[in-house]
Asker: 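Right, I'll just put the structure down here and ask away after.
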There are 4 protein chains.
Amino acid sequence: MKVVSEKRERIIQAATIIFARQGFYNSTVADVAKEASVADGTIYLYFKNKDDLLISIFERSMDMFIQAAEEEINKEKSAENQLKRFIDLHLRLVHKHQELAQVIQIELRQSSKFIKEYANEKFFSYLNIVEKIIQRGKEQKIFNVDINAGILKRAIFGAIDEIALEWVLMKKKRYSIEEASYELCQMFVKGLK
Amino acid sequence: MKVVSEKRERIIQAATIIFARQGFYNSTVADVAKEASVADGTIYLYFKNKDDLLISIFERSMDMFIQAAEEEINKEKSAENQLKRFIDLHLRLVHKHQELAQVIQIELRQSSKFIKEYANEKFFSYLNIVEKIIQRGKEQKIFNVDINAGILKRAIFGAIDEIALEWVLMKKKRYSIEEASYELCQMFVKGLK
Amino acid sequence: MKVVSEKRERIIQAATIIFARQGFYNSTVADVAKEASVADGTIYLYFKNKDDLLISIFERSMDMFIQAAEEEINKEKSAENQLKRFIDLHLRLVHKHQELAQVIQIELRQSSKFIKEYANEKFFSYLNIVEKIIQRGKEQKIFNVDINAGILKRAIFGAIDEIALEWVLMKKKRYSIEEASYELCQMFVKGLK
Amino acid sequence: MKVVSEKRERIIQAATIIFARQGFYNSTVADVAKEASVADGTIYLYFKNKDDLLISIFERSMDMFIQAAEEEINKEKSAENQLKRFIDLHLRLVHKHQELAQVIQIELRQSSKFIKEYANEKFFSYLNIVEKIIQRGKEQKIFNVDINAGILKRAIFGAIDEIALEWVLMKKKRYSIEEASYELCQMFVKGLK
DNA sequence: TATGAATGAGTGTTCATTCAT
DNA sequence: AATGAATGAACACTCATTCAT
């Protein structure tokens with residue numbers, strides 16, 4: 001086994017570009033194959049079907065994000081700073097991988113398949129990171145012990161995600177990623193107290 | 001011809017149900033026609049094409065929501081209470097029209113057509129309501145004058161939207177809409193101070 | 001019964017215009033109805049179906065042409081002059097009713113229905129006029145008795161028809177109807193001797 | 001891949017048969033596919049769309065005809081004999097490829113697309129051959145120098161075309177192709193003098 | 001007579017997927 | 001492993017025709 005099949009990687013990159021540019025349902029497998037410079041059939045050697053391609057993009061990037069997030073968080077002790085690091089990382093990665101971000105935020109939501117039926121383990125891992133930060137904040141007496149982490153982890157994700165989406169789709173950027181990060185951090189740190 | 005075509009209304013209702021159940025791209029025009037008990041061709045008497053049907057669902061419900069929101073907000077003086085009313089209304093309406101909410105939140109995001117190209121007037125009206133509340137809060141010295149309403153209006157929307165989405169899709173409800181509303185209000189009111 | 005229903009006439013006129021402009025298969029019954037300022041359904045009060053509309057245009061105009069041709073021919077004694085009058089009339093009428101001519105020449109040929117299956121009485125009447133002129137010419141010793149009128153009547157029709165078609169479709173007219181008429185007459189009169 | 005795709009050829013053959021039998025507008029792509037023993041989609045690997053299929057039939061056969069006509073004409077010196085050869089060839093080919101002839105003569109005229117909009121290069125090449133023969137005849141003092149070749153080339157085509165059409169559609173042949181050829185030649189040779 | 005809303009069968013075209021090479 | 005020609009199911013949309021008013 002190669003470290004990770006180089007061709008599989010190329011296809012994922014190509015699919016990310018194509019799906020971001022045209023949308024999942026408006027992209028054909030042939031489009032992806034062409035972008036990846038492989039034959040149509042080759043895609044089916046590495047992915048079960050078109051849906052699997054989308055899911056694979058998601059899983060791979062979530063794995064990377066979750067790992068990066070955990071490393072980043074471990075650099076800090078206080079929940080407050082951890083939350084800041086987390087938000088900052090999320091927005092910086094979106095900034096760095098704008099096409100990938102678009103695919104995950106827009107295309108992945110499209111179909112019931114992904115949101116309703118597909119048991120979204122990776123997404124829960126993401127949310128767990130946020131929840132743990134909140135819990136730690138409560139233990140450290142930084143955050144209000146009465147707040148419901150189960151609900152708010154999702155609200156925090158929604159807010160970050162929406163800002164990221166807006167920023168990626170905005171043609172003429174009205175604010176920087178740093179500003180956005182600062183505003184969000186301020187609001188949540190105060191809001192959770 | 002009725003004042004507002006009864007058949008047009010029936011088709012919109014049917015489309016909402018079908019799109020929520022199967023997703024926009026996995027629904028056929030024939031599915032919608034069958035659910036509405038009209039012939040396939042009849043749909044094209046009232047809507048330009050399948051996309052137009054989706055957009056119409058969105059515009060009609062946004063109009064209703066915006067009107068309701070403005071009425072609700074006018075019942076209060078303080079920005080704090082206005083924000084509470086707003087969040088509460090949003091979540092209550094989602095609770096009441098779960099299928100509609102699903103369509104708007106999930107299906108409408110799916111295609112570049114809607115998010116990127118379609119000039120989303122109605123959505124900006126929604127965001128403007130939030131922005132005005134924040135501005136009023138600043139004037140009333142309730143909210144911190146330094147916060148960036150242009151960014152945070154979107155964050156607030158994202159948080160509410162995400163909670164609503166989770167709640168609608170959750171099979172076994174782990175929390176009530178009222179709890180969710182309370183938690184969100186608490187966090188934002190504190191967060192904006 | 002009105003002399004000839006005024007509405008029926010209006011519909012035929014409208015259909016002629018629409019079919020000439022867009023072609024029979026690219027015209028809808030609704031297009032014709034709109035041009036005639038009647039409701040779609042009204043057309044079915046006067047015509048059995050869309051095909052019947054086309055056939056009716058043809059029959060009505062052939063009747064008119066055949067009558068006019070017989071009158072015109074009776075003004076002359078010699079077959080040579082009769083042939084000249086005939087060709088001249090054909091081309092003058094095409095000149096006068098260009099849209100009608102287009103429909104008959106192009107659209108009517110489209111479908112097997114008209115050329116193969118539809119027993120084309122009127123068309124045979126047309127050809128018979130030509131045949132009779134040739135026969136008369138033979139009797140008058142003006143035309144060669146050996147020529148086969150059964151074949152050449154059709155050739156003469158084809159030549160006139162093609163010239164008429166070219167002339168109607170030509171945007172910038174490279175020759176006048178009178179020139180065309182003169183050239184054709186010269187050739188046939190000599191050719192039949 | 002064969003030198004000239006064998007499958008493309010098969011589809012053209014099948015389309016010729018189907019269009020001749022049912023007419024272009026009354027044939028479905030599925031009919032053609034079935035006759036060619038290929039899948040519906042395969043047709044779109046070789047042709048842009050249904051119209052393209054019809055145009056391709058026309059262009060291929062016109063190329064063949066024009067080449068054959070030029071070879072045939074070069075066998076003769078006198079314009080008179082060249083004209084005879086030309087008429088003879090046209091009618092013999094129609095005799096040999098009756099279905100093809102029907103498609104070209106009937107179906108191709110049907111739509112504005114072909115006659116009005118489609119710049120009909122090939123057809124002009126056909127007409128040019130006739131024109132050149134007439135010019136040569138004038139130079140050889142065989143034909144009358146006063147006749148208008150620009151007009152009469154089209155008349156000659158119309159006559160041949162119409163005779164060919166009649167002959168192909170005639171169920172019980174009332175005359176042979178050879179007779180038709182003889183009559184036409186006689187008439188035109190005399191008529192052009 | 002006249003209307004025009006409603007119908008629903010029909011079709012060109014697309015594209016995910018397969019499989020012989 | 002890789003190819004890409006071939007497949008054929010699927011679907012949005014059209015439009016001739018009907019019929020209740």
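Sequence lines set the chain letters: A, B, ... in the order given, protein chains first and strands last, and positions in each chain run from 1.
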Asker: Rounded to the Å, how far apart are D/Phe47 CZ and E/dG12 C1'?
Answerer: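 My rounded result for the distance is 16 Å.
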
Asker: At their closest point, which heavy atom of B/Thr16 faces which heavy atom of B/Glu99, and how far apart are they?
Answerer: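 Closest pair (atom of B/Thr16, atom of B/Glu99, distance): CG2-C, 3.9 Å.
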
Asker: What contact category does A/Ser37 fall into here, base, sugar-phosphate, or nothing, at under 4.0 angstrom with non-hydrogen atoms?
Answerer: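 Answer is nothing: A/Ser37 stays at 4.0 Å or more from every strand.
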
Asker: Consider the side chain of A/Tyr44, meaning its heavy atoms from C-beta on, and name the nucleotide among E/dT13, E/dG8, E/dA16 that approaches it most closely.
Answerer: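 When the side chain of A/Tyr44 is considered, E/dA16 is the closest of E/dT13, E/dG8, E/dA16.
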
Asker: On DNA chain E, check which nucleotide each of D/Ser27 and B/Leu45 is closest to and give me the residue with the more 5' one.
Answerer: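 Per heavy-atom nearest nucleotide, the more 5' residue is B/Leu45.
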
Asker: When the nearest nucleotide of DNA chain F is assigned to A/Gly41 and to C/Lys48 on a heavy-atom basis, which residue is associated with the more 5' position?
Answerer: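 This one resolves to A/Gly41.
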
Asker: So, the side chain of D/Ser37 versus the backbone of D/Ala33: is there a donor-acceptor pair under 3.5 Å, distance only?
Answerer: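 Checked: no pair found.
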
Asker: Could you pick out which residue, A/Ala30 or D/Asn49, lies toward the 5' side of DNA chain E when each is mapped onto its nearest nucleotide?
Answerer: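 It is D/Asn49 whose nearest nucleotide is closer to the 5' end.
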
Asker: Which nucleotide of DNA chain F is the first, and which the last, in the 5' to 3' direction, to come under 4.0 Å of a heavy atom belonging to chain C?
Answerer: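 Contacts span F/dC15 to F/dT18, reading 5' to 3'.
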
Asker: Is a side-chain donor or acceptor of A/Lys50 paired with a backbone partner of A/Ser27 at a separation under 3.5 angstrom?
Answerer: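 Side chain of A/Lys50 to backbone of A/Ser27: a pair is present.
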
Asker: Once you round to the nearest 0.5 Å, how far does CG of D/Asn49 lie from CD1 of D/Ile55?
Answerer: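 Going from CG on D/Asn49 over to CD1 on D/Ile55, the span is 8.0 Å.
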
Asker: Which class fits the ring pair C/Phe19 and C/Phe24: parallel under 30°, tilted 30 to 60°, perpendicular over 60°?
Answerer: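 Because their plane-to-plane angle is over 60°, the rings of C/Phe19 and C/Phe24 count as perpendicular.
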
Asker: Quick one: C/Glu6 CD to E/dA2 C1', roughly how many Å, whole number?
Answerer: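 Those two atoms, CD and C1', are 13 Å apart.
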
Asker: Please report the distance, rounded to the nearest Å, between CG in A/Asn26 and P in E/dT14.
Answerer: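 The answer, rounded to whole Å, is 14 Å.
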
Asker: With a 4.0 Å cut-off on N to O distance, would you call D/Glu9 and D/Arg60 a salt bridge?
Answerer: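 Salt bridge: yes.
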
Asker: Considering only E/dG8, E/dA16, E/dT13, which nucleotide approaches the side chain of B/Asp40 most closely?
Answerer: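 For the B/Asp40 side chain, the nearest candidate turns out to be E/dG8.
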
Asker: Please give me the minimum heavy-atom distance between D/Val94 and D/Val168, naming the atom from each residue.
Answerer: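 Heavy-atom minimum between the residues: CG1-CG2, 3.3 Å.
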
Asker: Using a cut-off of 4.0 Å on non-hydrogen atoms, how would the nucleic acid contact of C/Tyr46 be classed: base, sugar-phosphate, or nothing?
Answerer: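 Sugar-phosphate: the residue C/Tyr46, judged by heavy atoms under 4.0 Å, touches backbone atoms but no base.
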
Asker: Would you mind classifying the nucleic acid contact of C/Thr28 as base, sugar-phosphate or nothing, using non-hydrogen atoms under 4.0 angstrom?
Answerer: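 Sugar-phosphate contact only - C/Thr28 comes under 4.0 Å of backbone atoms but never of a base.
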
Asker: Taking all non-hydrogen atoms of both residues into account, name the closest pair between B/Val103 and B/Leu54 and its distance.
Answerer: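 That would be CG1-CD1, 3.7 Å.
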
Asker: In whole Å, I'd like the distance from the CG atom of C/Asp31 to the C1' atom of E/dG4.
Answerer: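 Distance, rounded to whole Å: 15 Å.
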
Asker: Rounded to the Å, how far apart are D/Asp51 CG and E/dG12 P?
Answerer: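 Interatomic distance, CG of D/Asp51 to P of E/dG12: 10 Å.
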
Asker: Checking the side chain of A/Lys7 only, and the main-chain atoms of A/Thr42 only, is there a donor and an acceptor separated by less than 3.5 Å?
Answerer: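 Judged by distance alone, no pair lies under 3.5 Å.
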
Asker: Can you measure D/Lys50 atom NZ to E/dT14 atom C1' for me and round it to whole angstrom units?
Answerer: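 Between C1' of E/dT14 and NZ of D/Lys50: 17 Å.
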
Asker: Tell me the stems DNA chain F sits in, counting at least three consecutive Watson-Crick or G-U wobble pairs, each under 3.5 Å on both distances.
Answerer: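 The stems that DNA chain F takes part in, listed by first number, are E:2-21 with F:2-21.
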
